[in-house]
Amino acid sequence: MDSTPTPQQLNDVMQRWNDEHAELSKKITEITRWLGEVSQLGVPRFGELAERLRHLRDRMLQHFDREDKLGEEMHLSHACVEVEATRRRAASDHLHLTERLDRLIAKLSELDPPFNSFQQAIDEVSLFVDAFEQHEEEESQGLTWLTKLTPRSGPPAE
């Protein structure tokens, strides 16, 4: 039995990926909006920010899992070095982004968070968001390019 995904199955996976990306972008926008409101109040809310980032982390990990599955499906349908390079880069990015967010959440969760100000914490969140959005943009471009490749025939290369 051939387990190579059909073009329609790949399109369906890409659509789910795009929907998840849109959902993550919405969550990031909500956090950013909330940070703007909180910074206007002048009362640091490190713990609440950590909790909001935990929810984002959970959703981000689900999205990364979907990206890994999409990479596997691309591997099954296309035999080229670009697919493998994209998979390796995505795995590395996912690890680095997760570790970075975990460190930020841990710092925000401390009894005495190691920030000079709440604005410094906001700045670190903004830097993380920039890195995450850059990853998503690069991945979107790469996946769009890869889905235009001609599917191969035969078993996947090992």
Going by side-chain contact (heavy atoms from CB on, under 4.5 Å), name the residues that satisfy it together with [X], two or more places apart in sequence or in a different chain.
X      : value
Ser140 : Trp17, Thr144
Gln119 : Ser117, Ile122, Asp123
Arg59  : Glu20, Glu23, Leu24, Lys27, Gln62

Kindly write out the residues that satisfy side chain to side chain donor-acceptor pair (under 3.5 Å) with [X], not counting sequence neighbours, or none if the list is empty.
X      : result
Glu30  : none
Glu133 : none
Asn18  : none
Glu139 : His135

message: Using every non-hydrogen atom in the two residues, find where Leu108 and Pro113 come nearest and quote the distance to one decimal.
response: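 Where Leu108 meets Pro113 most closely, the heavy atoms are O-CG, 3.9 Å.
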task: Of all the heavy-atom pairs spanning Ala50 and Ile105, show the shortest one and how long it is.
output: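 Where Ala50 meets Ile105 most closely, the heavy atoms are CB-O, 4.0 Å.
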- prompt: With sequence neighbours excluded, what pairs up with Phe46 under the ring-ring contact (aromatic ring centres under 6.0 Å, His included) test?
  reply: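 Phe115, Phe118.
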message: Tell me whether Ser39 contacts the main-chain N or O of Leu35 through its side chain, where contact means a donor paired with an acceptor under 3.5 Å.
response: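 The answer is yes, because a donor-acceptor pair under 3.5 Å joins these two groups.
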- prompt: Residues two or more places apart in sequence or in another chain: which of them pass salt bridge (Lys or Arg N to Asp or Glu O under 4.0 Å) with Arg100?
  reply: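 None.
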task: Just jot down the salt bridge (Lys or Arg N to Asp or Glu O under 4.0 Å) partners of Asp65, sequence neighbours excluded, or say none.
output: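 For Asp65 the salt bridge (Lys or Arg N to Asp or Glu O under 4.0 Å) partners, ignoring immediate neighbours, are Lys69.
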If I take atom [atom1] from residue [X] and atom [atom2] from residue [Y], how far apart are they, to the nearest 0.5 angstrom?
X      : Y      : atom1 : atom2 : result
Phe132 : His63  : CZ    : NE2   : 5.5 Å
Leu53  : Leu101 : CG    : CG    : 5.5 Å
Arg89  : Thr86  : CZ    : OG1   : 4.5 Å

query: Under 3.5 Å, is there a donor-acceptor pair between the Gln15 and Asp19 side chains?
result: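 Yes - a donor-acceptor pair under 3.5 Å links their side chains.
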message: Could you tell me if the side chain of Thr32 sits less than 4.5 Å from the side chain of Val125, heavy atoms only?
response: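 They are not in side-chain contact.
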message: Would a single hydrophobic cluster contain both Trp34 and Leu104, if residues Ile, Leu, Val, Met, Phe, Trp and Tyr are joined by side-chain heavy-atom contacts under 4.5 Å?
response: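 Same cluster: Leu104 reaches Trp34 through Ile, Leu, Val, Met, Phe, Trp or Tyr contacts under 4.5 Å.
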Hydrophobic cluster membership, Leu61 vs Ile28, 4.5 Å side-chain cutoff: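 Shared cluster, yes.
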task: Determine which pairs satisfy salt bridge (Lys or Arg N to Asp or Glu O under 4.0 Å) with at least one residue from residues 101-116, sequence neighbours left out, and list them in order.
output: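 Found Arg57-Asp102, Lys107-Glu124.
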- request: Quick one: which residue pairs count as a salt bridge (Lys or Arg N to Asp or Glu O under 4.0 Å) with a foot in residues 39-52, not counting sequence neighbours?
  value: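 Pairs touching residues 39-52 that pass the test: Arg45-Glu48, Glu48-Arg52, Glu51-Arg54.
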message: Checking side-chain hydrogen bond (donor to acceptor under 3.5 Å, both in side chains) between His21 and each of Glu137, Glu136, Arg66, which is the one that passes?
response: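 So, applying the side-chain hydrogen bond (donor to acceptor under 3.5 Å, both in side chains) to His21 and each of Glu137, Glu136, Arg66, only Glu136 qualifies.
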